[in-house]
Amino acid sequence: MKVVLFGPPGAGKGTQAKSICNRYSIPHISTGDIFRKNISENTPLGIEAKKYIDNGQLVPDEVTINMVKDRLQAEDCKLGYLLDGFPRTVHQANALEEFLYDRKESLDTALLIQVPSEFILERMTGRRVCPSCGASYHVKFNPTKIESKCDVCGSDIIQRKDDSEETVKERLAVYERQTQPLIEYYKDKDLLSVVDGTKAINEVFESICKILGSE
Ligand code: ADP
Ligand code: ADP
Ligand code: ZN
């Protein structure tokens, strides 16, 4: 199964991706997580990406596309994967389509988690993440069991630098301008599925499982 997960910042992509990948035993490929890992390791890719991420801008398409193509050629992607946060532009979507076409493969679904912008700020400013395993929490909507410790791996959770109010507003504007066109793009290709991301986390997951089926 090959699935694309998209939606505004704070829609719940990361949260749902973890559950989907457990349920369907496919790798979780989050471009945001890959960039953050490179930033923490100070690699050339990380140094380049940081300039954009800290300002709420997208990392340039060519950098992002090459990174994803590399990742998709790894052995664990043979039977499928979930792309979380890629594609984010029509150019990226075309590159993915070409990559799949060359391999005689295709996407099963492009899943949009729809959340109106008035929900986003509270979600993002209350978000806490685990720097080790990428798990996402919320101070009010999804707190950790033990204060400040990741439920999955026990690391100290942190607030992302780009989750400040100012950067979130910029990211939302970037989403509307550069990523929202993907809704029409995938609708035209008959690949679009939409879930209501304003529901509780477990309800959103149930809706997603209904769409993905029992594969
Ligand atoms: P994204 O990867 O789309 O940016 P996350 O999965 O990190 O989003 O979720 C953003 C924030 O909102 C996190 O703090 C998360 O705990 C919280 N969250 C996710 N889904 C829901 C939901 N259905 N209801 C309320 N809060 C949610
Ligand atoms: P969120 O979970 O809030 O949607 P991500 O963790 O997916 O955010 O991404 C964090 C940042 O990494 C983005 O704001 C952007 O700067 C960069 N990024 C992630 N994915 C992409 C992509 N496909 N293209 C360009 N930049 C990306
Ligand atoms: Zn963790």
Side-chain angles (χ1 to χ4, degrees), residues 4-20 28-39 45-46 48-68 71 82-93 95-96 111-115 119-144 146 148-163 167-168 170-175 178-179 182 195-208:
V4 158
L5 194 60
F6 74 114
K13 300 181 295 295
T15 303
Q16 298 298 334
K18 294 271 180 207
S19 302
I20 297 167
H28 173 199
I29 301 175
S30 156
T31 40
D33 284 352
I34 302 175
F35 285 134
R36 281 185 290 277
K37 184 162 189 285
N38 277 276
I39 291 171
L45 174 69
E48 173 71 7
K50 188 172 171 13
K51 294 190 269 185
Y52 300 92
I53 293 177
D54 283 351
N55 296 315
Q57 302 300 316
L58 295 185
V59 178
D61 278 340
E62 291 320 314
V63 176
T64 308
I65 289 166
N66 285 331
M67 177 180 90
V68 171
R71 178 65 186 87
L82 179 129
L83 282 165
D84 162 9
F86 181 93
R88 260 176 155 99
T89 64
V90 169
H91 186 71
Q92 291 179 11
L96 176 63
L111 198 62
L112 168 66
I113 306 184
Q114 201 156 44
V115 175
F119 287 75
I120 300 298
L121 199 60
E122 189 183 12
R123 283 206 186 176
M124 300 301 270
T125 50
R127 168 157 71 181
R128 301 292 181 271
V129 297
C130 173
S132 307
C133 76
S136 189
Y137 301 94
H138 192 282
V139 289
K140 183 164 143 197
F141 304 131
N142 185 23
T144 52
I146 300 168
S148 312
K149 299 277 181 206
C150 175
D151 290 353
V152 181
C153 73
S155 303
D156 287 328
I157 55 171
I158 56 156
Q159 184 162 22
R160 268 167 53 176
K161 192 177 170 197
D162 61 341
D163 280 349
T167 313
V168 168
E170 183 56 33
R171 287 159 67 196
L172 255 180
V174 166
Y175 173 78
Q178 297 188 262
T179 308
L182 291 181
V195 291
D196 177 359
T198 65
K199 299 267 166 51
I201 292 174
N202 61 330
E203 289 176 70
V204 179
F205 183 55
E206 278 169 28
S207 310
I208 291 175

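If you read the sequence from its start, that first residue is 1, and numbering goes on from there. Order of appearance sets the numbers: ligands from 1, and atoms from 1 within every ligand.
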(message) With heavy-atom distances below 4.0 Å as the criterion, list the atoms of ligand 2 near Thr31.
(response) 19 (C), 20 (N), 21 (C), 23 (N)
(request) Give yes or no for whether the N/O distance cutoff of 3.5 Å, strictly under, is met between Val204 and ligand 1. (result) no
(message) Quick check on contacts: which atoms of ligand 2 are under 4.0 angstrom from a heavy atom of Arg36?
(response) 6 (O), 10 (C)
(message) Under 4.0 Å from a heavy atom of Gln92: which atoms of ligand 2 are those, numbered in the order shown and with their elements?
(response) 22 (C), 23 (N), 24 (N), 25 (C)
(request) Could you name the option among Arg171, Arg88, Glu170 that has the heavy atom nearest to atom 9 (O) of ligand 2? (result) Arg88
(message) I'd like to know if the side chain of Gln114 and the backbone of Thr198 have a donor-acceptor N/O pair within less than 3.5 Å.
(response) no
(request) Among all protein heavy atoms, pick out the one at the shortest distance from atom 10 (C) of ligand 2; state its residue, atom name and that distance to 0.1 Å. (result) Arg160 NH2, 3.5 Å
(message) Is any side-chain heavy atom of Gln178 closer than 4.5 Å to one of Arg88?
(response) no
(request) Return yes when Met67 approaches ligand 2 closer than 4.0 angstrom through a heavy atom, no otherwise. (result) no
(request) Taking only heavy atoms of Pro9 into account, list the atoms of ligand 2 that are under 4.0 Å away from them. (result) 3 (O), 4 (O)
(request) Could you grab the distance from atom OG1 of Thr167 to atom CD1 of Ile53, nearest 0.5 Å is fine? (result) 11.5 Å
(message) For Pro8, is there any backbone N or O sitting under 3.5 Å from a side-chain donor or acceptor partner on Lys13?
(response) yes
(message) Measuring from atom 27 (C) of ligand 1, which candidate in Arg123, Glu203, His138 has the nearest non-hydrogen atom?
(response) Arg123
(request) Considering only non-hydrogen protein atoms, determine which one is nearest to atom 8 (O) of ligand 1 and report residue, atom name and distance to 0.1 Å. (result) Gly12 N, 3.1 Å
(request) Just jot down the ligand 1 atoms closer than 4.0 angstrom to any heavy atom of Lys199, in number order. (result) 22 (C), 23 (N), 24 (N)
(request) State plainly whether the residues Arg171 and Asp163 are in salt-bridge range, i.e. N to O under 4.0 Å. (result) yes
(message) Working to the nearest 0.5 angstrom, can you tell me the gap between Phe6 CZ and Asp84 CG?
(response) 12.5 Å
(request) Calculate, to the nearest 0.5 Å, the distance between atoms CD1 and CG belonging to Ile208 and Leu5 respectively. (result) 6.0 Å
(request) Could you tell me the residue and atom name of the protein heavy atom closest to atom 4 (O) of ligand 1, and the distance to it rounded to 0.1 Å? (result) Gly10 N, 2.8 Å
(request) For Tyr137, counting its heavy atoms only, list the atoms of ligand 1 lying under 4.0 Å from any of them. (result) 13 (C), 14 (O), 16 (O)
(message) Going by the closest heavy atom to atom 21 (C) of ligand 1, which one wins out of Asp84, Ile201, Val115, Asn202?
(response) Ile201
(request) Establish, from distance only, whether the side-chain atoms of His91 and Glu62 form a donor-acceptor pair under 3.5 Å. (result) yes
(message) I'd like to check which ligand 1 atoms, numbered from 1 as shown, lie under 4.0 Å from a non-hydrogen atom of Gly14.
(response) 1 (P), 2 (O), 6 (O)
(message) Suppose you place the vertex at the Zn ion (ligand 3); what is the angle out to Cys150 SG and Cys130 SG, to 10°?
(response) 110°
(request) Report yes if some N/O of Gly85 lies less than 3.5 Å from some N/O of ligand 2; otherwise report no. (result) yes
(request) Mark up the atoms of ligand 2 that fall under 4.0 Å of a heavy atom belonging to Thr64, in ascending order. (result) 22 (C), 23 (N), 24 (N), 25 (C)
(request) Please say whether Gly126 places an N or O atom under 3.5 Å from an N or O atom belonging to ligand 1. (result) no
(request) Hey, could you give me the CZ/OG1 distance between Arg160 and Thr125, rounded to the nearest 0.5 Å? (result) 13.0 Å
(message) Quick one, Val59 and Met67 - any side-chain contact, counting heavy atoms below 4.5 Å?
(response) no
(message) Donor-acceptor check, side chain of Arg123 to backbone of Gly10, threshold 3.5 angstrom: yes or no?
(response) yes
(message) Tell me the protein heavy atom at minimum distance from atom 18 (N) of ligand 2, and give that distance in Å.
(response) Phe35 CE1, 3.7 Å
(request) Please name the pair of heavy atoms, one in Arg127 and one in Ser136, separated by the smallest distance, quoted to 0.1 Å. (result) CD-OG, 3.4 Å
(message) Using a 4.0 Å cut-off to any heavy atom of Lys13, which atoms of ligand 1 qualify?
(response) 1 (P), 2 (O), 3 (O), 4 (O), 6 (O), 8 (O)
(request) Give yes if a backbone or side-chain nitrogen or oxygen of Tyr52 is under 3.5 Å from a nitrogen or oxygen of ligand 2, and no if not. (result) no
(message) Test of understanding: given a 4.0 Å heavy-atom threshold, classify the contact between Leu58 and ligand 2 as side chain, backbone, both, or neither.
(response) both
(message) For Ala200, which part has a heavy atom under 4.0 Å from ligand 1: side chain, backbone, both, or neither?
(response) backbone
(message) Could you check whether any side-chain heavy atom of Phe86 comes within less than 4.5 Å of a side-chain heavy atom of Ile29, counting everything from C-beta outward?
(response) no
(message) Taking 4.0 angstrom as the limit and counting only heavy atoms of Thr15, give me the atoms of ligand 1 inside it, by number and element.
(response) 5 (P), 6 (O), 9 (O), 15 (C), 19 (C)
(request) First locate atom CG of Leu112, then atom CG of Asp196, and finally report the distance between them rounded to the nearest 0.5 Å. (result) 10.5 Å
(request) Identify, for atom 26 (N) of ligand 2, the protein heavy atom at the shortest distance, and state residue, atom and that distance. (result) Val59 N, 3.0 Å
(request) For Phe141, counting its heavy atoms only, list the atoms of ligand 1 lying under 4.0 Å from any of them. (result) 25 (C), 26 (N)
(message) Can you confirm, on distance only, whether ligand 2 has an N/O atom lying under 3.5 Å from any N/O atom belonging to Asp33?
(response) no
(message) Let me confirm one number: the CG-OG1 distance from Leu172 to Thr179, rounded to the nearest 0.5 Å.
(response) 10.5 Å
(request) Would you indicate which of Glu122, Lys140, Arg127, Gln16 comes nearest to atom 5 (P) of ligand 1 when only heavy atoms are counted? (result) Arg127
(request) Output yes when a side-chain donor or acceptor of His138 lies under 3.5 Å from a complementary backbone atom of Glu122, and no otherwise. (result) yes
(message) Applying a heavy-atom cut-off of 4.0 Å, say which part of Met124 lies close to ligand 1: side chain, backbone, both or neither.
(response) neither
(request) Show which atoms of ligand 2 fall inside a sub-4.0 Å distance from at least one heavy-atom site of Gln57. (result) 15 (C), 16 (O)
(request) Report yes if the side chains of Lys149 and Asp156 come closer than 4.5 Å at any heavy-atom pair, otherwise no. (result) yes
(request) Could you tell me which atoms of ligand 1, counted from 1 in the order shown, lie closer than 4.0 angstrom to a heavy atom of Gly197? (result) 23 (N)
(request) Please report the shortest heavy-atom distance between Val204 and Gly197, naming the atom on each side. (result) CG2-CA, 4.1 Å
